[in-house]
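Data block below; observations after.
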Amino acid sequence: MEVRVRYAPSPTGLQHIGGVRTALFNYFFARANGGKFILRVEDTDRERYSDESLQDLYSTLDWLGIKWDEGPVVGGPHGPYIQSERLPLYQEYAKKLVDMGKAYYCYCTPERLENLRKKQEEEKSPQVGYDRHCRNLTEEERAELEKQGIKPVIRLKVPTEGSTTFHDILMGDITRENKDISPDPVLLKSDGFPTYHLANVIDDHLMGITHIMRAQEWIPSGPLHVLMYEAFGWEIPQYCHLPMVMGKETDPVTGEVHFAKLSKRHGSTSVRDFRAKGYLPEALLNYVSLVGWSYDSETEFFTREELEKVFSLEKINTAPGVFDYQKLDWFNGQYMRRRSNEDLAQLLMPYLKDAGILKDEDMDKLLDFVPGIKERITLLSDIVPMCSFVREYQVPSVEMLIPKKMDQAGTLTALKAVYEVVKQCMESGDSDDQMQQKLCDLAVKLGIKNAGVFNPLRIALTGLQVSPPPFSCLRLLGCEESYRRIECAIKVLEA
RNA sequence: GGUUCCAUCGUCUAGGGGUUAGGACGGGAGAUUCUCAGUCUCUAAACAGGGGUUCGAUUCCCCUUGGAACUACCA
């Protein structure tokens, strides 16, 4: 049978690491098994819905290079794939359940439910949740309530005895006493929209989903969903609950370490944030895939294409995993260095433009600059502080310009000589290597260390103690500005 | 509180009845280079505890402990 899996987010916020990890695992599983990856939008919460979230979903998957076989935009044989466009379907099936005596209308007001909850809390009642008040309403009572114009919800009649078991590919059998299952949860809201529980079961069935891969936070509602499949008389799909992605936080006062479901508290969680900070899609995809999954003890670099071949359920971990920002950074640096200079320059330019450091026509300069800084940045955005010297030049002090074990007079002599060499090299169009050689020769001639020629030059050009290599700076600044700055520094040393 | 799930270095993990328990990030040390990075080398660091089963358990079983998730007319 063909594998059919789905990613079914709700557009109520930006796509975050946890969600994307679920999407990735589903997608890879489908690809690795020659199956179909379906995208379904679960927009049944109209209070929290936002169009921005929906657009973010599309742009995030697009950025990561994840294409869905069926879903919004691309369509498919089981559409529509947006739940708000399937309302009649849910209503029909919910009624069917009522007709079968497996669900019932409930007329309880939100206020009554709220009071019930409060009471249960106060009494520390072991039984929490709905009290099944409307479960056994007579026809007359129902008619009376209808007449009052109360819009009812439909609740599932959860058995009060026995237990329900479902099988999880990773976890094995999971059993829950029916009395412990959420007491008669709402299936159809009073606004006619389904809740997650109803919509998800109906759609997964209708769309022929074979494997449900979702985060472990859904385990508690597994038996509930099974009850619904059974009520409808439908085949139960395979379940595979994915380990949660956690965040780590250290209490600033006590120093205690806490773990919890990854959230904004822990740092950036939305893919959009990572993207804006200058993470590369291949780095994020690679790292995220490794939280809760591994291939073997050695391999850690995977392209999307490789994961599409090599991904397997058996290698998924059962324990939750902590999202390690540092390791992501490391991956990003690695992938940064794997990109071509041209690619990188293209990716870097928007940051520099935003910062008002370069313009589009400076692309050649940037291209000259990239090789020198490629291994110095871990995020694309790192380029901005690294280039700020172009715009802001603080004339360096005498102390800054003088390298260790040298004096002012010696430095002055060196810098003057360096200036001559640099000028000559730039004018004759020497390569960095040639310039390097000539300056090293100069150092020998002057009887000083390499640092004695390179450091004053670099600091003269940037006004910074820490900066990119001098040749890169020279090229980024251009001859005119470079000469001006070197002359500035020479004046400082002459004073 | 109730229910369910989980448990190998600080973190991500490999392994699995007999191993010097392997790798990666991060940490520490050193080398290299014009600063900073980067790169290379070396290094410290783990089977939560207690019972079984077994000739032998980190590995299988049970308990304890610890952690997490769920407990909405949210998903």
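Letters A, B, ... mirror the listed sequences (proteins, then strands); counts begin at 1.
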| task | Provide the distance between the two C1' atoms, one in B:rC9 and one in B:rA45, to the nearest whole Å. | result | 5 Å
| Candidate nucleotides B:rA75, B:rU11, B:rC73, ranked by approach to the side chain of A:His197 - the nearest | B:rA75
| query | Reckon A:Lys404 touches a base, only the sugar-phosphate, or nothing at all at heavy-atom distances under 4.0 Å? | reply | nothing
| To the nearest Å, how far apart are A:Lys151 NZ and B:rC73 C1'? | 14 Å
| query | Applying a 3.5 Å limit to both distances, which nucleotide forms a Watson-Crick or G-U wobble pair with B:rA7? | reply | B:rU65
| said: Quick check on RNA chain B: between A:Ile316 and A:Pro9, whose nearest nucleotide comes earlier from the 5' end? | reply: A:Ile316
| message | Below the 4.0 Å mark, does B:rG38 have OP1 or OP2 next to a side-chain nitrogen or oxygen of A:Arg337? | response | no
| query | With a 4.0 Å cut-off on heavy atoms, is A:Gln465 in touch with a base, just the backbone sugar-phosphate, or nothing at all? | reply | base
| request: Write down the distance separating the P atoms in B:rU20 and B:rC12, rounded off to the nearest Å. | output: 27 Å
| For A:Ser221, which contact category applies under a 4.0 Å heavy-atom criterion: base, sugar-phosphate, or nothing? | nothing
| In terms of the angle between their ring planes, are A:Phe28 and A:Phe311 parallel, tilted or perpendicular, with boundaries placed at 30° and 60°? | tilted
| message | Below 30° counts as parallel, above 60° as perpendicular, anything between as tilted: where do the rings of A:His225 and A:His197 land? | response | tilted
| request: Identify whether any heavy atom of A:Arg48 sits under 4.0 Å from a base atom; if not, whether one sits that close to sugar-phosphate; answer base, sugar-phosphate or nothing. | output: base
| field | A:Met244, nearest nucleotide to its side chain (from B:rU11, B:rA69, B:rC34) | value | B:rA69
| Can you tell me if CD on A:Glu161 sees more than 12 non-hydrogen neighbours from other groups inside 6.0 Å? | no
| query | Using centres under 5.5 Å plus planes under 30 degrees as the test, is A:Phe454 stacked with B:rC34? | reply | yes
| field | Ionic contact status for A:Asp203 with A:Arg6, cut-off 4.0 Å | value | no
| request: Starting from the 5' end of RNA chain B, give me the residue, A:Asp296 or A:Val128, whose nearest nucleotide shows up first. | output: A:Asp296
| query | Over how many whole Å does the gap from A:Glu375 atom CD to B:rA37 atom P extend? | reply | 13 Å
| message | Has A:Lys374 got a side-chain atom pairing as donor or acceptor with A:Arg339's backbone, closer than 3.5 angstrom? | response | yes
| A:Ile219 side chain, from C-beta outward: closest of B:rC5, B:rG2, B:rC12 | B:rC5
| Which nucleotide in the list B:rA69, B:rU3, B:rU4 gets nearest to the side chain of A:Ile174? | B:rU4
| Over-ring placement of A:Arg338 relative to A:Tyr335, 6.0 Å and 45° cut-offs | yes
| request: Pick base, sugar-phosphate or nothing for A:Gly129, based on heavy-atom distances below 4.0 Å to the nucleic acid. | output: nothing
| remark: A:Tyr287 atom OH is separated from B:rG26 atom C1', nearest whole Å, by 11 Å
| field | Distance-only donor-acceptor test (3.5 Å): side chain A:Arg458, base B:rU35 | value | yes
| field | Distance-only donor-acceptor test, A:Lys327 side-chain atoms vs B:rA24 base atoms, 3.5 Å | value | yes
| query | Is a side-chain donor or acceptor of A:Ser268 paired with a backbone partner of A:Phe274 at a separation under 3.5 angstrom? | reply | no
| request: Kindly indicate, with the supporting measurements, whether the criterion side chain to side chain contact (heavy atoms under 4.5 Å, CB included) is fulfilled by A:Asp173 and A:His167. | output: CA-CA 4 Å; A:Asp173 285 344; A:His167 183 78; 2.8 Å; yes
| field | Residue-phosphate contact under 4.0 Å: A:Arg214 side-chain N/O, B:rC70 OP1/OP2 | value | no
| query | If you look at every strand shown and take non-hydrogen atoms under 4.0 Å, does A:Val466 touch a base, only sugar-phosphate, or nothing? | reply | base
Do any N or O atoms of the protein come closer than 3.5 Å to N or O atoms of nucleotides 7-9 of chain B, and which pairs are they?
unit_1, atom_1, unit_2, atom_2, d
B:rA7, OP1, A:Thr318, OG1, 3.2

| said: Heavy atoms from C-beta onward define the side chain here; which of B:rA24, B:rC34, B:rA72 lies closest to that of A:Glu300? | reply: B:rA24
| field | Distance test, side-chain N/O of A:Lys189 to OP1/OP2 of B:rC74, below 4.0 Å | value | yes
| message | What's the closest nucleotide to the side chain of A:Ala451 if the choices are B:rA69, B:rU4, B:rC34? | response | B:rC34
| task | Quick one: label A:Glu121 by what it contacts on the DNA or RNA (base, sugar-phosphate, nothing), any heavy atom closer than 4.0 Å. | result | nothing
| message | Once you apply a heavy-atom cut-off of 4.0 Å, does A:Val291 come out as touching a base, just sugar-phosphate, or nothing? | response | sugar-phosphate
| said: Taking only side-chain N and O atoms of A:Asn455, does any of them lie within less than 4.0 angstrom of OP1 or OP2 on B:rC34? | reply: no
| query | Heavy atoms under 4.0 Å, any strand shown: does A:Lys248 hit a base, just sugar-phosphate, or nothing? | reply | sugar-phosphate
| field | A:Glu85 side chain reached by A:Val41 side chain, heavy atoms, under 4.5 Å | value | no
